[in-house]
Amino acid sequence: MLTAFFRAFRTPDLRGKLLFTLAIMALYRFGAHLPLPGVDTRTLAACTGASSRSGSGSGSQAFGLLNLFSGGALQQLSIFALGITPYITASIILQLLTVVIPRLEALKKEGQTGQAKITQYTRYLTIGLSVLESTMTLTAARNNPGYLLGQKCDGVAVFYPTVTWEGMAVMVIIMTAATSLLMWLGELVTDRGVGNGMSVLMFTSIAARFPGSLWAIKLNSHTLDGWPVFAAVLALGMLVVAAVVFVEQGQRRIPVQYSKRMVGRRAYGGTSTYIPLKLNQSGVVPVIFASSLLQMPVMLVGLTGGSTTTRGWQGWINRNLTTTIHGYPLTYTLSYLLLILGFAFFYMSITFDTVEIADNMKKYGGFVPGIRSGRPTVEYLHYIATRITWPGALYLAIVAAIPMIALDRLHATASFPFGGTTILIMVGVGLETVKQIESQLQQHNYEGFLR
């Protein structure tokens with residue numbers, strides 16, 4: 001990986017793209033430290049710092065994923081507090097609606113023109129989600145800051161007393177405009193930089209939180225000043241990264257043979273290829289779906305001011321679906337893992353359309369050796385997809401369970417660096433970016449047949 005980066009910096013064209021990408025990443029991190037107008041930064045820093053030192057994490061689990069994707073900007077109530085989360089959510093929603101709404105499915109089949117239209121819809125939906133999420137975030141910070149920023153912020157006013165509802169509306173506009181700016185910067189990275197812009201910004205957010213989360217493990221351990229636990233976590237992390245890379249690169253290649261056909265006086269086809277089916281075809285989406293679904297009732301309780309001592313449904317949700325400094329409740333753990341398994345199969349079923357693939361193969365004269373075209377091919381592809389989804393879903397559940405075990409056994413913070421969404425996104429984005437750099441290096445350094 002490092003060799004590819006060094007070779008890229010020696011190539012003028014790639015060096016310019018890499019420097020442009022790094023400049024956008026630096027701009028993003030700079031904006032993550034600019035506070036919103038009306039925020040009492042001293043009070044905010046005091047209460048969030050006390051929560052971090054006490055090991056209570058960054059507020060409730062309901063906002064943990066948002067804080068992770070924003071690189072800690074949510075906990076600081078900066079202008080980039082939402083990060084790129086609204087765009088990610090909008091992209092996933094549009095991808096799911098493509099299967100349901102015929103108009104979107106038709107646009108998807110139109111190629112580049114249709115994809116441009118879907119991208120435009122994604123931008124509009126991102127703006128709407130930004131307004132909704134910013135309003136919800138500011139309301140929670142005003143009414144129940146302990147749920148959002150940390151347990152030490154309970155009863156603390158993080159906004160100046162002079163801030164009115166008109167001022168809150170201005171904050172909503174600023175946060176929405178900042179998310180639109182991030183969306184534009186991500187598209188600039190995709191066009192002029194290296195890698196997928198949105199993924200690079202997400203990688204930047206998670207990487208910014210990585211050193212602090214790792215160092216917090218040492219601070220929370222009291223055995224020989226925390227160094228043995230710190231070294232053990234690093235060794236475990238290297239093993240987890242190696243395992244994630246191994247699984248993410250795993251493929252099941254379904255062979256496809258195309259028969260020869262005559263078009264005029266020319267013969268076409270007669271080639272052999274394969275359908276690459278990744279072991280983890282759904283990526284990190286099931287983990288995000290499961291976390292988001294479990295966060296909805298907790299966020300509702302936080303907005304209504306409920307606590308662990310509250311009776312009824314609010315108290316039950318706080319006791320069974322929220323994390324504490326002692327670990328995760330059994331109800332939350334089982335629900336989380338089962339939802340990951342379910343969403344892995346659901347996402348696989350809508351992204352890998354066996355009927356469409358079989359029809360396209362039949363249209364162009366393709367077939368799987370030993371399998372008849374039509375319905376037998378559909379059943380065969382469905383059989384292979386189901387069998388390969390099981391180990392992929394179990395792999396996601398195991399990786400997602402690592403932070404839960406660490407929080408219970410190592411007394412780590414809720415944002416444990418080696419596991420769950422963190423490691424899946426960092427390794428996935430890193431692999432894709434390096435592949436793109438290597439492909440561009442091969443174009444610049446192609447030697448040909450004669451040397």
Spatial distance of atom [atom1] ([X]) from atom [atom2] ([Y]) [nearest 0.5 Å]:
| X | Y | atom1 | atom2 | value |
| --- | --- | --- | --- | --- |
| Leu182 | Ile79 | CG | CD1 | 8.5 Å |
| Leu185 | Thr21 | CG | OG1 | 11.5 Å |
| Thr98 | Ile350 | OG1 | CD1 | 8.5 Å |
| Phe80 | Ser205 | CZ | OG | 10.0 Å |
| Leu381 | Thr386 | CG | OG1 | 10.5 Å |
| Leu97 | Ile92 | CG | CD1 | 12.0 Å |

Do the non-hydrogen side-chain atoms of [X] and [Y] ever get within less than 4.5 Å of each other?
| X | Y | answer |
| --- | --- | --- |
| Val163 | Met168 | yes |
| Met175 | Thr179 | no |
| Gln436 | Lys17 | no |
| Met25 | Val189 | no |
| Tyr380 | Ile254 | yes |
| Asn196 | Glu432 | no |
| Leu36 | Leu138 | yes |
| Val429 | Met202 | no |

If you take all heavy atoms of [X] and [Y], which pair is closest and at what distance?
| X | Y | result |
| --- | --- | --- |
| Glu248 | Lys278 | O-CE, 3.4 Å |
| Ala141 | Val158 | O-CG2, 3.6 Å |
| Ala90 | Thr126 | CB-OG1, 3.5 Å |
| Gly72 | Arg209 | N-CD, 3.4 Å |
| Tyr87 | Thr122 | CE1-CG2, 3.8 Å |
| Ile388 | Leu277 | CD1-O, 3.5 Å |

| query | Can the ring centres of Tyr336 and Tyr332 be said to be less than 6.0 Å apart? | reply | yes
| task | Determine, step by step, whether Phe210 and Ile206 satisfy the side-chain contact (heavy atoms from CB on, under 4.5 Å) criterion, reporting the C-alpha distance in whole Å, the side-chain angles of both residues, the deciding distance to 0.1 Å, and the verdict. | result | CA-CA 6 Å; Phe210 194 87; Ile206 296 176; 5.6 Å; no
| query | For Arg123, does the CZ atom have more than 12 heavy-atom neighbours from other residues, nucleotides or ligands under 6.0 Å away? | reply | yes
| message | In terms of relative ring orientation, are Phe289 and Phe343 parallel, tilted or perpendicular, with 30° and 60° separating the classes? | response | perpendicular
| message | Going by the rule ring-ring contact (aromatic ring centres under 6.0 Å, His included), which residues pair with Tyr395 if we only count those two or more places apart in sequence or in a different chain? | response | none
| said: Applying side-chain contact (heavy atoms from CB on, under 4.5 Å) to Ile275 and Met361, what does each step give before you reach the verdict? | reply: CA-CA 11 Å; Ile275 301 174; Met361 289 170 54; 4.0 Å; yes
| field | Steps toward side-chain contact (heavy atoms from CB on, under 4.5 Å) verdict (Thr85, Leu82) | value | CA-CA 6 Å; Thr85 307; Leu82 299 182; 5.7 Å; no
| request: Identify, with sequence neighbours excluded, every residue that meets side-chain contact (heavy atoms from CB on, under 4.5 Å) alongside Arg387. | output: Tyr383
Output side-chain donor-acceptor pairs under 3.5 Å for residues 102-111, partner residues at least two apart or in another chain, one line each.
none

| request: Indicate yes or no for a side-chain donor-acceptor contact from Ser78 to the backbone of Ala32 under 3.5 Å, with no hydrogens or angles considered. | output: yes
| How far apart are the C-alpha atoms of Met198 and Ile88, what are their side-chain angles, what is the distance that settles it, and do they pass the side-chain contact (heavy atoms from CB on, under 4.5 Å) test? | CA-CA 8 Å; Met198 305 304 171; Ile88 298 171; 5.7 Å; no
